[in-house]
Amino acid sequence: MVAKKGRVKVARPDWCKTCGICIEVCPVEVLELGKDRIQIIYLENCVGCENCELSCPDFVLKVVNEDEE
Amino acid sequence: MVAKKGRVKVARPDWCKTCGICIEVCPVEVLELGKDRIQIIYLENCVGCENCELSCPDFVLKVVNEDEE
Amino acid sequence: MKRKEIRLSGAGGQGMILAGIILAESSLFDPELYVVQTQSYGPESRGGASRAEVIVSREPIDYPKVVKADILVCLTAESLEKYGQEVAEGGVVIADDSFAGEDYIPPEGVDFYSLPIIAKAREEIGLEVTANMVALGAVDHFLSEIDSECLEQAIEKRVPGGTEEKNMAAFRAGQQLLAARV
Amino acid sequence: MKRKEIRLSGAGGQGMILAGIILAESSLFDPELYVVQTQSYGPESRGGASRAEVIVSREPIDYPKVVKADILVCLTAESLEKYGQEVAEGGVVIADDSFAGEDYIPPEGVDFYSLPIIAKAREEIGLEVTANMVALGAVDHFLSEIDSECLEQAIEKRVPGGTEEKNMAAFRAGQQLLAARV
Amino acid sequence: MAEDIDRYLRQDKLPHIWCPGCGHGTIMANMLRGFARSGLDQDKTVVVSGIGCSGRASGYLDFDTLHVTHGRALTFATGIKMANPELTVVVVTGDGDGAAIGGNHLIHACRRNIDIKVVLFNNSIYGMTAGQFSPMTPTGATATTAPYGNIDQNFDLCELTRSAGATFVARGAAQHPRQLIKIFQEGFAHRGLTFIEAITQCPVNYGRRNKLGGARDMLNWQKEHIINQKKYESLSAEERQDKTPSGILYQDEREEYTEKYEKIIATARGSEN
Amino acid sequence: MAEDIDRYLRQDKLPHIWCPGCGHGTIMANMLRGFARSGLDQDKTVVVSGIGCSGRASGYLDFDTLHVTHGRALTFATGIKMANPELTVVVVTGDGDGAAIGGNHLIHACRRNIDIKVVLFNNSIYGMTAGQFSPMTPTGATATTAPYGNIDQNFDLCELTRSAGATFVARGAAQHPRQLIKIFQEGFAHRGLTFIEAITQCPVNYGRRNKLGGARDMLNWQKEHIINQKKYESLSAEERQDKTPSGILYQDEREEYTEKYEKIIATARGSEN
Amino acid sequence: MKNKAGEKIKEKEARTMLLQGDEAVVEGGLVAGASFFAGYPITPASEIAEGFAEKLPALGGKFIQMEDEIASMGCVIGASLAGEKAITATSGPGFSLKQENLGLGIMVEAPCVVVNVQRVGPSTGLPTSPSQGDVMQARWGTHGDHPIIALSPSTVKETIDLTIESFNMAEKYRIPVILLLDEIVGHMREKVRIPSPEEVEIVERKRPRLEDREEFYPYLETEDHIPPMPDYGQGFRYHSTGLFHDKTGFPRGKTEDARRLMDRLMAKIDENLDDIILLEDDLKGDEEIVVLSYGSTARSAISAVVRARQEGLKAGWVKLKTVWPFAEDFVADLADRVQEIIVPELNRGQLIGEVEKAACGRARISGIHRYDGTIIPPAEILAKIKEVG
Amino acid sequence: MKNKAGEKIKEKEARTMLLQGDEAVVEGGLVAGASFFAGYPITPASEIAEGFAEKLPALGGKFIQMEDEIASMGCVIGASLAGEKAITATSGPGFSLKQENLGLGIMVEAPCVVVNVQRVGPSTGLPTSPSQGDVMQARWGTHGDHPIIALSPSTVKETIDLTIESFNMAEKYRIPVILLLDEIVGHMREKVRIPSPEEVEIVERKRPRLEDREEFYPYLETEDHIPPMPDYGQGFRYHSTGLFHDKTGFPRGKTEDARRLMDRLMAKIDENLDDIILLEDDLKGDEEIVVLSYGSTARSAISAVVRARQEGLKAGWVKLKTVWPFAEDFVADLADRVQEIIVPELNRGQLIGEVEKAACGRARISGIHRYDGTIIPPAEILAKIKEVG
Ligand SMILES: Cc1ncc(C[n+]2csc(CCOP(=O)(O)OP(=O)(O)O)c2C)c(N)n1
Ligand SMILES: Cc1ncc(C[n+]2csc(CCOP(=O)(O)OP(=O)(O)O)c2C)c(N)n1
Ligand code: SF4
Ligand code: SF4
Ligand code: SF4
Ligand code: SF4
């Protein structure tokens, strides 16, 4: 079984407090801060490492299987 | 200066509670329990080691210089 | 003048409490003026609503809270909704124009000013957090009891070192908002 | 009979409190008898004075402390000094003969017995700590409310396992002290 | 994929009141991931917390939850666990709640080795009351009650709990979420007093006053200074100076308290017959 | 000749209320011998004690003495020492007073390294209240509240205080008076939190119930089981099993708390000008 | 399987014994179904801990000695929420320490029993001497407004009964109940019959049904003001907090919620005074002087009144078993009918203040106060009756 | 050389500032010579700790943050005995924790000040909202009978004044004094003038002379009931204990000693009520209705009465600054002269009980109670005045 590739998703956009931690821990350029919430700007860069999901203090981000979207 | 030899003395006979600790720690036979207090029975045995003075919980015994008596 | 009641309201982080303290401290320069300043603490104060109240008077002040505001400042829609009706006759309501005016009807005899307070701070001063000073500038216009100069001095004393200039600029911008209007 | 008040007094370690408890427990065998037992705790209880009080009655007992003892036992001079006058008319005082009698004058109408309680325990039983049971034996003599047998049973139940015999012997010796005397 | 933690959250109570960038949320999330992996029963798990920002966690967690007095969570937890040893009992506490006012309960729970999972959110400050120093505020740092710099020395809480008798002692940090998950997973599997110090950042009441930058900077600080125990051990004494080891630092299998008590019950029952 | 300790005793309060054979008196006497050797000023020394048989010591000692609430002696002592750092401040406590209810104050005083001499009379039991188990009652022993045998594990108080931050940690026993005197002498000379665990026998409420014989037997037990640290270290792990090391177990020169505070005063004064 | 001491105990039979008051708390507690004790030793209450330590495990119950009284109080509340009938016992100094957590117990509505065997305070005071000096503290010791129930027995028998009552009221009203002994009652021995659980009414808290879990509000305003209460681990997953909260158990920060919660907590007690206020009297209707007392002092009072009656004085006695809530209406009525109420207490005058308030000037009130560790002899009360009579 | 903040402070000058009530405690304390603070943070009292942390060291005073409130209270008493003017500050939960050591402070007669900035209780309650819910606790929170002094300011200026008074009374009567703020007063800012120490009376405890050391009894029954008190380290080598003790400071276990000590402790206060009871009023003699209050509530009361008078009603106000000992005689007199006394309080009715007792039926008493974290507006009091008028 080949693991499916994960991709980040803003699961709870309303809960984002724009702390920027996810940006800091992302190894590639995927995320950027919008006015009052996080934005995915280069989804194609996402390597599915889950750093952002595991570090976000506000349960905003989820890495999901590509086909789940 | 030669250290004078110490000898045990029942300094506070009234405070003795007859626990027998002094007898236990005495390396030679000097002390014995009387009816309600400790008694010196073989003062001549006393080597002045101070074990009894240092172990008595009730400040009853003192080792003093022979000439202090 | 018996007492003048000022209520400054907005969201946590908009500096309403600091504005209230500055307003109160500006009274220090007038030995005849009594002043009481209170504020809402509470779970709200973290992120939620935020409120400062200032009462100035030439007589000792008994009840320390605003009953009906003579001057009400609202930087959020929620605060206008909550306090918009508790204003004294002859009083004024100053609200940020980003939300205000839509379905708010001021009480009888109350003047309503919808002003670009936050916009000024963001655009003119380049620092949105100075909106509180812009608001203070607007309040100054209606505050005969306290000299503008006293307010300026109080601002200089209180704001974090290094930010005096921006804050002062914001205050002046606030004054002009109304100078232009009224 | 309204109530009978018994006070057992001596020094800490003489077992007066245990004697009091046994006395009280002996009443368990008589379903009609009420009993209250109290004792002095306090800094005194370590080394100092020690006191147990027992009240028996065929009616519910209100006030739980001895007012005037009907039977007073004193194993020390101090306790006789302290309680010797608080005895009811018609009551008895039992004191150990090692000290008693010297300058003690019982109140009017009170019988006084100076008995070799401690000596009995030490010499006859070979265990000074059984003096409390000797005393109990003496008390038994004056205690019409409680059967001697009940007392014996209570003793067996309470004293440390293995010491039943000695204690019982002490109790009997106490009984005899008076059988011989009265 | 990371464990789904949504089912352990009271979603209607979220977003939480913690400040932007506060590490408490990260710790809580990874605690839940560890819990998810443990396979424990959500309905048989009780979370007890004290007072503090950390203490607010109980309100967000969908278990039986109890939010008690400041510093005393462990005492309530002890009652719960003794009453019903089948329950998994978790205490969420802070460095003030758990190590200042609650220090005695902490060491006594460790001594008893009662099976409670103690998760101490260590943000080096009293967050809730806005910035007074705690027993974990670094010496020299400033706080509202240490305007001239803190002269108090810190506890090493892992050392302290271990010497008090805890049988599972670990340290993690918000910056190391994977290690945290692992620590929690193993901690939940352990039977006995489980102490987990979770280092978290308070950008608002500690970071700002001490000019440590925002949450991101504080996390970078953690990255540099909190290092895996293995790595720590390979360092020279000098290199260790400003480093703190993380990971499962100690584990032991001493008999658990409620199990011992079951034996007392058996003895007492026996002695009755 | 042994030091004369009469001048440190309130002779009109003696003999003390401690039971025959109780080791508390031996510890107290040797503490005074150590004090006599230290050359400290009797008028500048304050003894604070809590509640317990041990706590009664303050009444017998001819210093400024304060007999406070159960478990809290260290908090009062901290106030006294902070107020006037010139004073020598001694706390006399018990294993219940100091390690049960007072445990938090103990570890926090250690953490601060404030110059207080804590003397903990460890008789393995609550003496004053007549025989309930304490955090130092051996596992398996019986006590009035452990009729089926104690399931609680002990603290190693020397380990605990050391890991909490004490800078002088020692253990002595009534059976080893000379070692005690030395420990006290050095302890009084130390500047910083000084913790001395003094093992003492309670023949009445511990020994009797556990059939350990009288005071003399208990002292013989101490002789066998409490051994000098040097000797202890030479033993195999197995031989160590039932042995406890005694002596000065740890000493360190970390800066003392009131000294640090003097610097705060200097800084604050400076910042005022 | 969880062991509930309550179930086991029912096998026990009634029996007659010589018991101390402290031991009677243990025996009464076991009859009521006590299954958990946490405590810290203190004179003159240690015997209660010792009794439970011995007896609970054989019944499958739990005993734990905690590191202090604060911990004991927390532990007992935790055990209560986990489903146990929990109890702790202490004396003045420990009672002071328990106050903060007692308030938490009131807020989360955890049924439990807190025994205070009173000795003379303040501070260490006279540790082995009797007192009724903590009566006002029982009412006002924790910060903030709060309801409280406190019972106080005067005999060993009553100690058994009121311990059972304490558990029953705790379960019924979801509230910590304080049982105030004084050292005299705690340490005196009397011959008493311990009832079997079948003979007495034993109350169990209302528990919600698991089926209703979806509709469950842990702090619901019900008609009787007492929300049903699940045990931890039953699957209700609910929240409790010492913060003001609404019916969901969560804080909302609305002032109405705070008022509503406090009103409900008070109503639990205020609307059930008839059930809660227990007292006894010998009033015949012709009394001019009434001696009102509680605890061991009531025994002296009764003794004195009996003698006064014998001497032809129109005296009567009232013995409060419930000291809080105070029997205000009863005393108000009484004040309308008699000339003087004498209130002897082992303190400098505590409950007498409530009598004064309730009497509101309609009868003279006088006190007899002892606070030196000795008890008030009947003769002193008799003398007072004669003096005012 | 020991540094006493008092000496340094005298260099300071009077100045006018905008101050919070909490800050006013700091400033007032420093004027009074406060030289020691120990505490533990808690809303809404933390600002007091923070103020002292900043200001004390510059004056040679000491600040220490302890591990909890119990420790803080112990620390403050220790410092007091070592000669400092010591103070601690907390709110309800911490005040509950301090109770045991507070009792010790009363027994060893250690002058000190304990501030409680009241928030809504019980338990965690509403941590940031105002309350007057700890008034009865201030009187009865610690076990056993005991004397107490508690003052309660209604303005920031009064906070300065009463903090100074607290220290003065503490020193004068050798007793811990409780200063009860409510959150409103604690957090409000007012323009106030901080006096210089020269302008106000500053009391120092009586200290014995070292020459009298041989004849020294630390707990002597003096004419004024207040024994002189040495600092630790001065060579008096005396003993203090929480046990009942005689003049030597040692326990003797005699009941007379206990009674005598308690009587003396009470007499210190009871014989000085005129000095201790501070209150203010606007009574003109024609009042039919009087509003009696304290703390921030008094401001609403005054406001309401002023308006009632304007509307022609015969109303007056009384503001208690000393809540304990209660102004019993004053209220008894008042009750003889007026028809109704209205007692508004931020609680469910606490001090009103004392008013009822003192009035003893001679005037109607009614309360206005708020316990939801909001304060009582003048309009509500005015309405009540009209309703009963
Ligand atoms: C008895 C008591 N004392 C003090 C407080 C005030 N208080 C609330 S939270 C807190 C400190 C919290 O700090 P910490 O435990 O480190 O948690 P954080 O807020 O930093 O997560 C304090 C002192 C209280 N609620 N109760
Ligand atoms: C707050 C409080 N709790 C409990 C007590 C009762 N008490 C007095 S002494 C003591 C234990 C003493 O034991 P320990 O400290 O070991 O000293 P020891 O008597 O054995 O010397 C206890 C529990 C008390 N006085 N105050
Ligand atoms: S870490 Fe979470 S809360 Fe922070 S910016 Fe990213 S998504 Fe938002
Ligand atoms: S050790 Fe002391 S108390 Fe014990 S028997 Fe010897 S002299 Fe007496
Ligand atoms: S104050 Fe600090 S700990 Fe509390 S929520 Fe904010 S960042 Fe987190
Ligand atoms: S009870 Fe034990 S510790 Fe207390 S005095 Fe007696 S022997 Fe010593």
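So you know, we letter chains A, B, ... as the sequences are listed, proteins then strands, and number each from 1. These numbers come from a predicted model, not from an experiment.
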Close approach to chain E in [range], criterion heavy atom under 4.5 Å:
range	value
residues 105-122 of chain F	F:I107, F:H108, F:R111, F:R112
residues 89-100 of chain F	F:A99, F:A100
residues 245-260 of chain F	F:R254, F:Y257, F:K260

Heavy-atom pairs under 4.5 Å with chain F: which of [options] has the most?
options	value
E:I101, E:L157, E:N104	E:N104
E:L160, E:T139, E:D156, E:N154	E:L160
E:A146, E:G149, E:G102, E:P135	E:P135

Looking at F:K243, I'd like to know if its NZ atom is crowded, meaning that more than 12 non-hydrogen atoms belonging to other residues, nucleotides or ligands lie closer than 6.0 Å.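 For F:K243, atom NZ is crowded (more than 12 foreign heavy atoms under 6.0 Å).
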Count the heavy atoms of every other residue, nucleotide or ligand shown that sit under 6.0 Å from NZ of E:K263, and state whether that count exceeds 12.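 12 or below, so no.
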Rounded distance [0.5 Å steps], CD1 in F:I265 versus OH in E:Y148: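 Reported to 0.5 Å precision, the distance equals 10.5 Å.
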Kindly write out the residues that satisfy side chain to side chain donor-acceptor pair (under 3.5 Å) with E:E238, not counting sequence neighbours, or none if the list is empty.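 None.
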